[in-house]
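Notes follow once the structure below has been shown.
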Amino acid sequence: MDSVAVSEIVTTLNLLGAAIAIGLGAIGAGIGIGMAGGHAVEGMGRQPRITSELFRTMLIGQAAASTPPTFALVVSILLLFGNVGGTTLIQGFAALGAGISIGAGAFASGAGSSLPVAWACSAIARQPRMRRSYMTLMLLGQAVSQTPVIFALMVSFMLIFLPAKPDAGLVEFVAVLSAGICMGFGAMGPSIGCGMAAESAIIGVRHHRDPEVAVGLLTRVMLLGQAVAQSTSIYALVVSLVLIMLV
Amino acid sequence: MEDLTQVATYSFELFGRHMTVNTATILNTWLVMAVLIVLSLVATRRTKKRIPNPAQRIAEVYVSSMDKLTRETLETTSRSYMPLVATMFLFLVLCNWLGIIPGLAEPTKDLNTPLSLGIMGFFITHTAAIREKGIATYLKEYCQPFFIMAPLNVIGELAKVVSISFRLFGNILGGAIIIAVVSHMIYSLVLPPFLYVFFSLFVGTIQAFVFTMLTITYIAVATK
Amino acid sequence: MDGITGAELIRAAALLGAGMSMGFGAIGPGIGEGFAAGKACEAIGRNPDEAGLLTRTMLVGQAVSESTGIYALVVALLLIFVVKG
């Protein structure tokens, strides 16, 4: 370790964090958005008359589903060019933790929040007059299933802007890294789960014999189920905040 | 970034203990309370008149829809929790929207506000459960499926308070941090108003509704 | 980086374990609870008259599925606050 300066290690860790952030973060949304496009095209084949409406729904849903990778991109750019992190070793490990946090979080959240888009496109193709209700349900479900990635973004900003600690040792290095791992992977399950709940809420409305009545009821049940499904990501947030505070 | 972690505080000694009061949070909470009181006074003023004023009409729609929601969720309880639910939702919505006004901060951004509301919900839930079911049945439910699981069931109940309060706190603080960082990065050009609309108005309303719904649902599950 | 004591190593491993416990432990319950919520929504769509019963069953099922997440939380907090190395 004699020949490597601390600043070089910190730069390496920053670069690694930036790569993990956008590299992992883009996977889920890439797959999910493509599937949404596939369902939209299928719907257009079924109902060529409403092509423009399906196209609009698909674009809005895809734009909302690409919010998590956008967060990952912001963190990645901050780590690459931002010059915001410090130059001590602990800030390097914090940068790596920030990258893991938003990368893993955005991976799952991108996949989860594009699940409802696909089914909203299919449902609109079957019941075009319910377009507005399906779009509202889709956007609500997406917004709630992106809550874990907002937590992940919060944790990674806290890690990036971590103040320097002169007497930091191995324990502190591991603590900041562990905070990132905890929040990143903790956000994965809940965001996929919330996306599945939103998807099934749309399917539920479609199967209801009176869809216009069902929208209000199912929106409420969906929000409730998603809120409960998110609680594990909140425990992960608590643990990683504790880990950051310990440093 | 520093303004997020620095909260205006006032410290004093009481009974040999060091107490700290978050002045900004308390003042903002009082502001929300004042707005709510003024709104309800306006809405209930001169209710005897034949044609009610617009504020009263809006309030009636709100109260009746909240009453319907509470009835549908709580099918069997003997008491009405509608006043609690309606007040809590309005309070939380106004709290979450407050950050849109420059110079003011959301009281829910401070963990103390959601945590105290969560603890309040916890006590209401368990009081309701004991009142509906009797203390023996209530205690027996902690020994499900068998006696050894009792500590974990108690932890599960306490974890509900953590999850309900940290959900609100995390969403509002997360929004505030994102807005602060983005404004800092792009020198407050163009984008922050849209972020405020998304995080304060949209996410704030959803989270206020989720908090309220979860509180009644916890009561409904506990009293069932 | 010189002179890492055994106690430090244990503490560092405990903190890493805490993060991994809660992080990976949250994946299963999150997906499972979301699945339960989704199935409840579908069932309510098919049989709206039983909405109250289905919602309550969903919540009970989610609470049971969440218990593993709570175990992960307990283990993580124990690793942070009890293991001192």
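In this text, all values refer to a predicted model and were calculated from it rather than measured experimentally.
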Less than 4.5 Å to any heavy atom of chain C: does that hold for the side chain of [X], its backbone, both, or neither?
| X | answer |
| --- | --- |
| A:Ala214 | neither |
| A:Ala179 | neither |
| A:Val242 | side chain |
| A:Leu246 | side chain |

Please name the pair of heavy atoms, one in [X] and one in [Y], separated by the smallest distance, quoted to 0.1 Å.
| X | Y | answer |
| --- | --- | --- |
| C:Gly34 | A:Ala229 | N-CB, 3.7 Å |
| A:Ile181 | C:Met20 | CG2-CG, 4.2 Å |
| C:Ala51 | A:Leu217 | CB-CD2, 4.0 Å |
| C:Ala26 | A:Pro190 | O-CD, 3.6 Å |
| A:Ala201 | C:Cys41 | CA-CB, 3.7 Å |
| A:Val171 | C:Arg11 | CG1-CG, 3.5 Å |

> So what's closer than 4.5 Å to chain A heavy atoms on C:Leu59: side chain, backbone, both or neither?
Replying inline: side chain

To the nearest 0.5 Å, how far apart are [atom1] in [X] and [atom2] in [Y]?
| X | Y | atom1 | atom2 | value |
| --- | --- | --- | --- | --- |
| A:Leu177 | C:Leu16 | CG | CG | 7.0 Å |
| C:Gln62 | A:Gln226 | CD | CD | 10.0 Å |
| C:Ile27 | A:Phe185 | CD1 | CZ | 7.0 Å |
| C:Leu73 | A:Ile234 | CG | CD1 | 11.5 Å |
| C:Glu33 | A:Thr232 | CD | OG1 | 5.5 Å |

Top contributor to chain C interface from [options] [non-hydrogen pairs under 4.5 Å]:
| options | result |
| --- | --- |
| A:His208, A:Met188, A:Gln230 | A:His208 |
| A:Leu218, A:Ile202, A:Val205 | A:Leu218 |
| A:Ala108, A:Ala175, A:Gly189 | A:Gly189 |
| A:Ser231, A:Ser240, A:Ser233 | A:Ser231 |

> Out of C:Gly45, C:Gly25, C:Ala63, C:Ala14, which one racks up the most heavy-atom pairs below 4.5 Å with chain A?
Replying inline: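 So the answer, after comparing C:Gly45, C:Gly25, C:Ala63, C:Ala14, is C:Gly45.
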
> Between A:Ser178 (side chain) and C:Leu15 (backbone), is there a donor-acceptor pair under 3.5 Å?
Replying inline: yes

> Any side-chain heavy-atom pair from A:Arg220 and C:Ile44 closer than 4.5 angstrom?
Replying inline: no

>> Going by side chain to side chain contact (heavy atoms under 4.5 Å, CB included), C:Met22 matches just one of A:Val238, A:Leu237, A:Val239. Which one?
In response: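 Testing each of A:Val238, A:Leu237, A:Val239 against C:Met22, the sole residue satisfying side chain to side chain contact (heavy atoms under 4.5 Å, CB included) is A:Val239.
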
